[in-house]
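Here the structure is laid out as structure tokens; the discussion comes afterwards.
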Amino acid sequence: MFKGQFIYSVDAKGRISIPAKLRKHVSPESNDTFIMTQGTEKCIDVYPLNQWNLLEAKVQQLNLFNPDHARFSRMLLQNAFEDTLDSQSRILIPQNLLTHAGITKDVLILGVSTKIELWNPSVYENYLNSSELSFEQIAAKVITS
């Protein structure tokens, strides 16, 4: 399970290093391969290949004649990009995804269960501050349901 947060920089070619504390949770069957796509928030979702395959299997079960299912499938898959860690444990992030997330130099890397999220640090701060509920209120609502 991915967890924790890290501040790194995007290099001039659009690459970021995946922190060692996150890499240790990547399944060997992923072969250091990651799939990136736009997140449901203003971020980039990064899935190890084995987790992406599980998500893709769910997408294949959607009814593409249902407009919501079709739109979700298109939006998820049109921006999907695959890359493998290089010798310095970096992946290349496509420019369109960096633009979507507003990432220019610094990137907040979050471990979020089965995926990694990439955020512009100030966008993430605004996201956290935009909730009308406190962490305690959200926890009580989520954990007890």
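Note that the structure is predicted; figures quoted are calculated from it, not measured.
- When the side chains of ILVMFWY residues are joined at heavy-atom separations under 4.5 Å, either directly or via intervening members, Val123 and Ile116 end up in two distinct hydrophobic clusters.
- Val112 and Val46 fall into different hydrophobic clusters, where Ile, Leu, Val, Met, Phe, Trp and Tyr side chains are chained together by heavy-atom contacts under 4.5 Å.
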Would you be so kind as to tabulate the donor-acceptor pairs closer than 3.5 Å made by side chains of residues 36-43, with sequence neighbours excluded?
unit_1, atom_1, unit_2, atom_2, d
Thr37, OG1, Leu76, O, 2.6
Gln38, OE1, Asn79, ND2, 2.9
Lys42, NZ, His100, O, 3.2

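- In this structure, Asn31 and Thr84 have side chains that are not in contact, with every pair of non-hydrogen atoms separated by 4.5 Å or more.
- Gln5 CD to Leu110 CG: the interatomic distance, rounded to the nearest 0.5 Å, is 6.0 Å.
- Nearest heavy-atom pair, Ile44 versus Leu98, reported as atom, atom and distance to 0.1 Å: CD1-N, 3.9 Å.
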- Message: Using side-chain hydrogen bond (donor to acceptor under 3.5 Å, both in side chains), reason through Ser122 and Asn120 one step at a time and then give a plain yes or no.
- Response: CA-CA 6 Å; Ser122 62; Asn120 172 314; 2.8 Å; yes

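- Exactly one residue among Val107, Leu108, Asp106 makes a side chain to side chain contact (heavy atoms under 4.5 Å, CB included) with Tyr8. That residue is Val107.
- Considering CD1 of Ile138 and CD1 of Ile143, their distance stands at 11.5 Å, rounded to 0.5 Å.
- Here CD1 of Ile103 is found 11.5 Å from OG of Ser9. Values are rounded to the nearest 0.5 Å.
- Counted within 6.0 Å of NZ on Lys3, heavy atoms from surrounding residues, nucleotides or ligands total more than 12; the atom is thus considered enclosed.
- A continuous path of hydrophobic side-chain contacts links Ile35 to Leu55 [ILVMFWY only; heavy atoms under 4.5 Å].
- By the side-chain contact (heavy atoms from CB on, under 4.5 Å) test, Asp68 is found to be paired with Asn66, residues two or more places apart in sequence or in another chain being considered.
- Ser17 approaches Ile109 most closely through the heavy-atom pair O-CD1, 3.6 Å.
- In this pair, His25 and Phe2 present their aromatic rings perpendicular. The plane angle is above 60°, beyond the 30 to 60° band.
- Separation of the Trp119 and Tyr127 ring centroids falls under the 6.0 Å cut-off.
- Under the side-chain contact (heavy atoms from CB on, under 4.5 Å) criterion, Ser130 pairs with no residue at all, not counting sequence neighbours.
- For CD of Gln137, the number of neighbouring non-hydrogen atoms (other residues, nucleotides, ligands) closer than 6.0 Å is greater than 12.
- Taking CZ of Arg90 as the start and CD1 of Ile16 as the end, the distance is 11.0 Å to the nearest 0.5 Å.
- Thr114 is not listed as a side-chain neighbour of Met1, based on a closest heavy-atom distance of 4.5 Å or more.
- Residues Phe34 and Leu92 share a hydrophobic cluster, clusters being chains of Ile/Leu/Val/Met/Phe/Trp/Tyr side chains in contact below 4.5 Å.
- From Gln60, atom CD reaches atom CG of Leu64 across 10.0 Å, with rounding to the nearest 0.5 Å.
- Here the straight-line distance linking atom CG of Leu85 with atom CG of Asp32 works out to 4.5 Å at 0.5 Å rounding.
- For the pair Ser73 and Leu62, the tightest heavy-atom approach, listed with the atom from each and the gap, is OG-CD1, 3.6 Å.
- The two residues Gly111 and Leu22 have their closest heavy-atom pair at CA-CD2, 4.1 Å.
- Grouping the Ile, Leu, Val, Met, Phe, Trp and Tyr side chains by contacts below 4.5 angstrom, directly or via other members, places Val10 with Ile18.
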